[in-house]
Structures are given as structure tokens and as C-alpha cells.
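Below you'll find the structure, written out as C-alpha cells, and then a few comments.
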Amino acid sequence: MSRLPLSLLPETATVQQDGSLAIGGCDVAELAAEFGTPLFIYDEAHLRARCREAVATFGLGNAVYATKAFLCTAMARLAYDEGMLLDVASGGELFVARRAGVPAGSLVMHGNNKSLDELRMAIVEGVRHIVVDSFDELDRLDALHAEGLPRPNVVARITPGLHVHTHEFIATGQDDSKFGFNLGNGSAMKAIDRMRRSPSMVLRGVHCHIGSNVFEAANFAKAAELMAGFAIPLDLPELVLGGGLGVAYVEGEEASTITQWGNVLLDACAALGVTSTVSVEPGRSIVASAAITVYTVGTMKELPGIRTYISVDGGMSDNPRPVLYGSGYEAFLPREVVAERPMSARLVGKHCESGDVLVLDAALPADVKVGDLLATPVTGAYGHSMASNYNKLTRPPVLFVRDGAARVVVRRETYEDLVQCDVE
Ligand code: LLP
């Protein structure tokens with residue numbers, strides 16, 4: 001019977017007099033009528049507030065937005081305007097950030113398998129630093145230096161051997177990982193020795209990222225401790241502690257704020273005697289709860305004694321997280337945000353497979369009907385960025401809303417877009 005916890009909605013969300021939802025001063029039903037569904041609606045004030053919070057907590061130059069969580073030209077500009085640096089993890093992300101006008105000096109380059117071309121691009125553009133992930137990458141950096149390219153600043157990605165409680169697919173700090181130089185088997189020290197002596201690069205610091213959607217502060221304090229133990233004797237100017245702060249997706253979940261997370265990390269580093277600059281790379285905690293996805297209910301199938309299926313006009317192509325990680329979401333009707341939700345239904349998409357689930361057991365108002373707008377909150381991170389064209393669905397548009405105005409920052413794809421790369 002629970003109602004939607006309003007804390008899951010973007011910061012400027014309001015319940016209007018008739019019980020319906022507005023975000024950024026814009027009526028959600030009107031936005032859906034004008035721009036169609038499915039539709040990603042981002043609260044611009046919320047995005048800016050989270051960026052500012054990260055910069056205020058960690059200091060200018062020490063808060064790096066992980067663009068993989070959500071990237072488009074407008075988002076790259078927004079994060080940069082608010083004082084964040086940007087983490088790009090592929091040539092494509094680097095391209096989008098540069099095309100948006102973000103100076104290369106405000107970008108850091110990531111990736112466990114950067115190609116020679118991607119590394120060349122990062123060096124030629126002049127990124128702030130490259131986070132080096134492997135011995136093979138060191139070979140490639142040597143080859144690029146031999147080509148005559150300048151020496152890039154580099155940071156070594158260390159895998160500290162720390163298990164955290166999150167989905168296996170997004171845990172990255174444990175020994176059994178494709179990422180980084182392992183601390184436990186001596187690779188980290190070997191890599192540091194090589195990087196220090198190398199004429200091809202300038203070693204600036206060490207980095208770790210223990211995983212994503214991590215809730216327990218103790219995990220971050222432990223990572224800081226392991227990394228401080230390794231980094232302090234090296235006496236390098238930078239220590240990067242990655243991203244990973246979890247966010248609340250469903251009723252009953254509670255996450256730390258960016259400020260609280262920062263206090264845990266910075267206090268731990270100070271207590272351990274870290275004198276390097278400490279920086280972080282939050283993605284999810286900047287963008288996740290800034291957005292909702294709005295769908296239209298298309299079909300309802302009631303199976304007495306089994307369950308009711310409610311199908312919407314999107315699905316695993318705009319939000320693959322439930323099928324990939326078993327992630328939970330809430331669902332609600334924008335026309336009556338605070339209604340009781342006594343009905344239980346399986347919220348599914350329109351793709352041709354049974355795995356196309358958005359919410360396994362969604363609580364919904366009993367009067368939900370075909371034609372209703374239905375929304376899922378907290379879809380701002382790893383939704384649009386992991387969207388696909390499965391079944392040749394066109395990817396939804398993205399709106400930024402603010403002070404009563406909406407702007408399209410990513411337009412809806414068209415059928416023509418679907419054949420743009422096809423060669424006849
Ligand atoms: N830094 C590095 C090196 C990373 O690999 C990541 C995320 C971040 C920072 C940002 O982490 P965040 O603050 O967003 O947790 N698709 C998955 C999440 C994958 C995370 C990949 N790396 C999901 O939807 O849960």
C-alpha cells in the first residue's frame with residue numbers, strides 16, 4: 001500500500017494542486033504531450049546542485065564527473081561550467097566532451113583497454129592525465145613517445161584487493177578483476193617502478209575505484225586506508241579515489257550525500273597522513289536522481305492467480321539495468337504522485353523477450369489504465385548512456401527542465417537514424 005517516497009524525485013519536483021507532478025516548474029504531462037514518450041526528464045537545478053556539492057566538498061579541480069553515467073553535449077558543458085573535471089573512458093566520450101567545448105586540460109582519460117588511437121588522441125588533445133591500467137598500455141605509451149608525441153601525465157590504476165557489497169558486475173576493487181595493477185601480487189609496485197623510470201610519461205599519482213553503487217561508508221574508508229598505505233611512501237602529488245557512491249533507488253534504501261561521502265574519504269586520508277591532493281570521480285551520485293523516465297501504458301494483461309503485466313512503450317532499450325543487474329525501481333503515475341499504490345504488477349517493456357522487465361513487482365495505484373503516463377524515478381545514471389536500439393526502437397529524447405522552461409538536449413531518434421550507418 002506504500003506511496004512513492006518523494007525523496008526519490010528530483011530536487012525541484014513538486015506535487016501540484018491537482019496531485020500531478022511538475023519538475024523544474026514544468027508540468028510533466030504537458031512535457032509528455034509535447035515531446036512524446038518514452039522521455040527522459042532531467043532537473044537541471046538538481047544536476048547543478050550535485051556538481052556544486054562535489055566541487056565544494058573536494059575543492060576545485062578535485063571533483064571529476066564520470067561521464068559514462070550520462071553524457072551528451074549539454075551535460076558535458078553543465079558539469080564543466082559548474083567547476084568539475086570530466087572522466088572520459090573511450091575515444092567517443094573524449095570526442096563528445098571536446099566537441100562540447102570542454103578544454104582537454106579538464107579531462108582525464110580512462111579505460112582498461114585503450115587502443116593506440118585512443119591514447120594518441122588523448123595525448124595530442126592534451127588531457128590532464130591518463131589513468132594507466134596495464135603493462136600493455138605502458139608499452140603503447142612507449143611506442144607513442146617513440147613516434148615523437150609529448151610525455152603525458154599519468155596516474156596508475158591500482159586494484160587494492162578489496163571486496164565491496166554491490167553487484168558482481170560493478171565491483172572492481174577485488175583481486176579477481178580485469179582492471180588495474182594488483183596491489184597484492186606486486187604488480188602495482190612493478191608498474192610504479194617502470195612508470196617512474198620511464199622517459200615516455202610523467203607519473204603524477206595513483207588511482208583506485210572499488211566499485212559502483214556502494215552504500216557502506218566503511219568500504220570507502222578501507223579503500224582510502226589501503227591506498228594511503230601504498231601511496232604515502234611514493235610521495236606523489238595526486239591520489240584519486242574513484243567514484244562509486246550508491247544512491248537510493250527504491251523505498252527503504254538510504255544513501256550518503258556527496259558531502260558525507262567526502263567527509264569519510266577526506267577525514268580518513270587526513271588521519272592516515274596523506275598529503276597528496278585527493279580527488280574523486282563520481283558519476284551516479286551526480287545524475288541518478290536528477291531524472292525520471294516517463295512512459296505511456298500500452299497494454300495490460302491480467303492473469304488471475306498469477307500476476308498482471310503492464311507494458312509500456314520503452315523497456316530494456318532505455319533501461320537495461322533491471323535485466324543486467326537485477327536493479328530495482330519504483331513506478332508511479334505522474335497524474336497522482338502521492339496516491340496509495342495497492343496494486344502489484346510486473347512492469348515490462350515492448351521488446352520481444354520475457355527478460356524485458358523494468359520492475360519485477362511494481363506497486364501502483366489501483367486505477368492505472370491503458371493510456372496513462374507512468375514514470376520511474378532515479379533513471380538519470382546508466383540509463384540513457386546504456387540505451388540501445390534493440391528491436392530498432394528509437395532512443396528517447398532527453399529534456400533539461402529549469403525555471404518553467406524545457407529544452408531538448410538530445411532529440412528523439414528517428415527511423416531514418418536507424419539506417420544511417422547501413423551501406424546498401
Ligand atoms: N571511476 C571509474 C574508474 C569508474 O569505472 C566508474 C564507474 C566511476 C568512476 C563512476 O562510478 P559511479 O560514481 O557512477 O559509481 N553500468 C553500471 C555502473 C558501471 C560503473 C562503471 N564505472 C550500473 O548501471 O550500475
Side-chain angles (χ1 to χ4, degrees), residues 47 50-51 53-54 57-58 62-71 75 79 84-90 93 107-114 129-134 137 155-160 164-174 177-181 205-216 219-220 223 227 239-250 253 255-258 261-262 265 279-291 293 316 318-329 358 376 378-388:
L47 290 172
R50 292 293 79 73
C51 292
E53 183 182 358
T57 305
F58 293 93
N62 304 328
V64 187
Y65 170 57
T67 63
K68 66 203 83 184
F70 167 57
L71 178 62
M75 184 61 209
M84 294 193 84
L85 308 181
L86 274 67
D87 145 358
V88 291
S90 69
E93 289 182 352
L107 301 176
V108 305
M109 183 75 183
H110 267 280
N112 70 300
N113 183 20
K114 305 173 194 77
H129 63 240
I130 297 172
V131 181
V132 176
D133 215 279
S134 70
E137 186 174 342
V155 164
R157 178 159 181 173
I158 309 298
T159 307
V164 296
H165 182 75
T166 187
H167 191 279
E168 166 192 357
F169 290 179
I170 54 175
T172 47
Q174 68 286 359
S177 164
K178 70 170 178 171
F179 296 104
F181 299 104
V206 291
H207 170 285
C208 83
H209 170 72
I210 54 174
S212 196
N213 209 29
V214 175
F215 283 83
E216 282 161 48
N219 284 313
F220 293 109
M227 289 302 289
L239 173 61
V240 191
L241 293 175
L245 175 61
V247 304
Y249 281 93
V250 293
E253 275 185 338
S256 303
T257 63
I258 291 173
W261 177 56
L265 287 176
S279 63
V280 288
E281 300 164 339
R284 190 187 314 265
S285 54
I286 300 287
V287 293
S289 51
T293 309
M316 63 193 291
D318 60 74
N319 186 2
R321 300 193 68 258
V323 59
L324 276 175
Y325 318 116
S327 309
Y329 286 86
L358 287 169
T376 48
V378 202
T379 54
Y382 305 107
H384 187 267
S385 70
M386 295 206 297
S388 77

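Whatever order the structure lists them in is the order used to number ligands and atoms, beginning at 1.
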Taking ring-ring contact (aromatic ring centres under 6.0 Å, His included) as the test, write out the residues that go with Phe179, two or more places apart.
none
The side-chain contact (heavy atoms from CB on, under 4.5 Å) partners of Ala381 (sequence neighbours excluded) come to Ala69, Arg284, Val287, Ala288
Contact table ligand 1 N or O to protein N or O, d under 3.5 Å:
from, atom 1, to, atom 2, distance (Å)
ligand 1, 1 (N), Glu281, OE1, 2.8
ligand 1, 5 (O), Lys68, NZ, 3.3
ligand 1, 13 (O), Gly244, N, 2.9
ligand 1, 13 (O), Gly283, N, 2.9
ligand 1, 14 (O), Arg284, N, 2.8
ligand 1, 14 (O), Tyr382, OH, 2.6
ligand 1, 15 (O), Ser212, OG, 2.4
ligand 1, 15 (O), Gly244, N, 3.2
ligand 1, 16 (N), Tyr325, OH, 2.8
ligand 1, 24 (O), Arg321, NE, 2.5
ligand 1, 25 (O), Arg284, NH1, 3.3
ligand 1, 25 (O), Arg284, NH2, 2.8
ligand 1, 25 (O), Arg321, NE, 3.3
ligand 1, 25 (O), Arg321, NH2, 2.9

Under the salt bridge (Lys or Arg N to Asp or Glu O under 4.0 Å) test, which residues partner Asp318, sequence neighbours left out?
none
Taking the side chain as every heavy atom from C-beta outward, state whether Met227 and Leu241 have any atom pair closer than 4.5 Å.
yes
When the ring centroid of His110 is compared with that of His209, is the distance short of 6.0 Å?
no
Tell me, with the steps shown, if Asp133 and Lys178 meet salt bridge (charged side-chain N to carboxylate O under 4.0 Å, His left out).
CA-CA 9 Å; Asp133 215 279; Lys178 70 170 178 171; over 6 Å; no
